[in-house]
Number of protein chains: 2
Amino acid sequence: MIEYTDLSQPIYKRLKEMIRNGELKQGEKIIQEKIAEELGVSRTPLMKALLALENEYLVESIPRRGMYLRVLDYKEIIDIYVCREALEGMAARLLANRKDASSIKQLKACFTPFLNKERIDMNAYAEADEKFHSLLIKLTGNAPLDNIYFFSNIHDKVVGHGLVRTPDETLQEHFKIIDAIEGGNPDKAEKLVREHINKSKELLINQYKNQKSE
Amino acid sequence: MIEYTDLSQPIYKRLKEMIRNGELKQGEKIIQEKIAEELGVSRTPLMKALLALENEYLVESIPRRGMYLRVLDYKEIIDIYVCREALEGMAARLLANRKDASSIKQLKACFTPFLNKERIDMNAYAEADEKFHSLLIKLTGNAPLDNIYFFSNIHDKVVGHGLVRTPDETLQEHFKIIDAIEGGNPDKAEKLVREHINKSKELLINQYKNQKSE
DNA sequence: ATATTGTATTTTGTATACAAAATACAATAT
DNA sequence: ATATTGTATTTTGTATACAAAATACAATAT
């Protein structure tokens with residue numbers, strides 16, 4: 001069995017899993033004693049894990065009242081897309097300035113399996129999509145940027161492991177982004193990433209409006 | 001005396017103060033028991049405060065070894081400017097789209113005291129500068145954006161309460177940014193903010209290069 | 001003199017005890 | 001029937017005890 005030097009880390013991962021697969025529901029209060037017992041740990045390392053999740057916007061703490069799973073309303077989901085637009089746009093710019101061959105290879109590798117396929121496995125594509133967007137950030141080597149980019153967690157929570165738009169739209173977009181990076185065109189790379197994220201955002205906004213008027 | 005529902009909050013503030021005024025030095029190990037005793041609290045709420053600081057990039061935790069005050073090298077400082085460029089640029093864009101009168105008033109209020117002055121109080125100006133940049137973020141009303149924007153802390157730690165560039169350069173730039181927001185020109189507002197931050201970044205890069213070659 | 005080993009001390013990580021606050025809910029008044 | 005009060009229970013926040021790991025440092029070997 002693997003031993004940990006810091007129990008809060010596996011607890012943190014377990015909690016994220018519980019959030020993703022619905023063992024913990026939106027808005028639910030986290031009764032520390034209960035969860036701690038479930039996981040077979042004490043409240044001390046659990047609290048550490050919860051504080052980490054709080055800083056990733058997944059958990060909200062109300063002093064003396066408890067820790068709650070965040071309920072993300074549409075405004076906040078849209079706000080998160082705005083943040084992603086800024087950060088991933090900048091990331092693409094940085095990568096285009098560098099034109100690092102290994103980076104470009106890794107980005108391409110995400111989507112080459114889906115080229116010229118008549119049928120695309122949606123789960124696999126969703127995973128590739130997530131991988132691509134997080135790679136965009138990681139490959140910059142900008143540690144603070146990576147540090148503030150926790151949105152994949154939230155994306156997972158909000159949209160499940162589904163997609164906002166379908167591959168027939170986005171697959172081409174992804175390759176155009178990579179081309180701009182490979183071509184060393186930072187302005188274009190940033191612009192394309194922004195448009196890419198913005199389109200999904202607009203779609204979500206429209207879905208919201210329709211929901212409201214129904 | 002004010003009572004708190006959560007002791008970790010005043011501890012958190014005190015620690016930030018200690019970092020700013022040098023009571024705690026770069027790279028120093030935080031001996032929990034010692035600091036806890038100094039502050040007259042136990043390690044439990046101190047740990048909560050330290051974890052919050054860790055998430056703001058001010059403290060680094062090495063499991064089983066302890067919590068250390070982060071040493072920011074030049075690369076990281078530059079990386080932080082890159083993040084600021086992306087986030088504040090987006091913030092200016094959002095504000096320009098909204099053209100909210102009260103927001104514009106607040107932004108102007110930061111710098112009007114310095115207009116047509118023959119002598120500028122540098123401390124006051126540095127404070128106004130900090131206020132302006134944090135307002136830019138706050139006024140968007142984008143909670144996740146605000147959540148990830150912790151760079152003012154770091155700025156304070158790194159550059160002290162000094163300035164990278166002098167008011168004779170930046171005062172005009174600030175007003176041009178506000179003009180673009182007021183004029184409802186999101187592209188221009190974003191571009192100006194980016195250039196504004198970028199200029200400081202380039203200056204820091206040059207300082208670094210010179211330091212190295214000496 | 002320097003490197004290595006072993007022991008004592010310090011410090012962290014976790015569990016737990018306890019007080020104070022929050023909550024649930026029954027008893028009473030309106 | 002609904003609102004209000006008071007009490008019991010639950011839950012949080014903090015302090016603290018203890019084990020395990022890390023560190024400091026003296027004793028010994030080379």
Side-chain angles (χ1 to χ4, degrees), chain A residues 1-19 22-71 147, chain B residues 1-19 22-71 147:
Chain A
M1 201 190 173
I2 307 152
E3 288 201 16
Y4 292 93
T5 48
D6 180 10
L7 245 185
S8 75
Q9 283 177 36
I11 296 174
Y12 164 85
K13 280 185 189 156
R14 184 78 239 288
L15 287 172
K16 251 166 66 166
E17 196 185 305
M18 288 170 84
I19 293 169
E23 285 179 74
L24 294 170
K25 293 177 292 297
Q26 293 240 355
E28 186 175 329
K29 180 172 181 183
I30 300 188
I31 296 165
Q32 295 170 208
E33 205 74 68
K34 195 181 127 212
I35 303 286
E37 200 186 16
E38 255 177 67
L39 303 183
V41 297
S42 79
R43 274 165 60 216
T44 312
L46 173 64
M47 184 50 108
K48 266 176 108 171
L50 287 171
L51 289 170
L53 291 168
E54 190 189 5
N55 278 287
E56 289 182 9
Y57 224 68
L58 288 170
V59 158
E60 189 176 12
S61 159
I62 306 173
R64 278 273 165 214
R65 297 300 224 55
M67 303 284 244
Y68 295 82
L69 277 225
R70 265 200 112 86
V71 183
N147 192 267
Chain B
M1 200 189 172
I2 307 151
E3 289 201 16
Y4 293 91
T5 48
D6 180 11
L7 245 185
S8 76
Q9 283 176 37
I11 296 174
Y12 164 85
K13 280 184 190 159
R14 186 75 239 290
L15 287 173
K16 251 164 68 165
E17 199 185 305
M18 289 169 83
I19 294 169
E23 285 179 75
L24 294 170
K25 292 177 293 295
Q26 293 239 356
E28 187 175 328
K29 180 172 181 183
I30 300 188
I31 296 166
Q32 295 171 211
E33 205 74 70
K34 195 182 127 211
I35 303 286
E37 201 186 15
E38 254 176 68
L39 303 182
V41 298
S42 79
R43 274 165 59 213
T44 312
L46 173 65
M47 185 49 110
K48 266 175 107 170
L50 287 172
L51 289 170
L53 291 169
E54 191 188 5
N55 278 289
E56 290 182 8
Y57 225 66
L58 288 170
V59 159
E60 189 176 11
S61 160
I62 306 173
R64 278 275 165 210
R65 298 298 227 54
M67 303 282 246
Y68 295 81
L69 277 225
R70 264 200 113 88
V71 183
N147 192 267

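Basis for what follows: all heavy atoms, side chains included, without hydrogens, waters or symmetry-related copies. Keep in mind the model is a prediction, meaning the values are calculated, not measured. Letters A, B, ... mirror the listed sequences (proteins, then strands); counts begin at 1.
With dT16(D), dT14(C), dT12(C) as the choices, the nucleotide that has an atom nearest any side-chain atom of T44(B) turns out to be dT16(D).
Within 4.0 Å (heavy atoms only), K29(A) reaches sugar-phosphate atoms of the nucleic acid but no base atom. In this structure, I30(A) reaches the sugar-phosphate backbone alone: every heavy-atom distance under 4.0 Å involves primed, P, OP1 or OP2 atoms, never a base. Note on R65(B): only backbone sugar-phosphate atoms sit closer than 4.0 angstrom, heavy atoms only; bases stay farther off.
For DNA chain C, each stem of at least three Watson-Crick or G-U pairs (distances under 3.5 Å) is given as range with range: C:1-30 with D:1-30.
The closest side-chain heavy-atom distance from Q32(A) to M67(A) is below 4.5 Å.
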Report the C-alpha distance between E23(B) and R14(B) in whole Å, list the side-chain angles of each, state the deciding distance to 0.1 Å, and finish with yes or no for salt bridge (charged side-chain N to carboxylate O under 4.0 Å, His left out). CA-CA 10 Å; E23(B) 285 179 75; R14(B) 186 75 239 290; 2.6 Å; yes

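If you find the closest nucleotide of DNA chain C to G66(B) and to R43(A), the one lying nearer the 5' end belongs to G66(B). For the pair P63(A) and Y68(B), nearest-nucleotide mapping onto DNA chain D gives the more 5' position to P63(A).
Between the P atom of dA21(D) and the CZ atom of R64(B) lies a distance of 6 Å, rounded to the nearest Å.
Counted by atom type alone, Y68(B) and E54(B) present zero donor-acceptor pairs between their side chains at under 3.5 Å.
Listed here is the closest heavy atom pair of K29(A) and G66(A): CE-CA, 4.1 Å.
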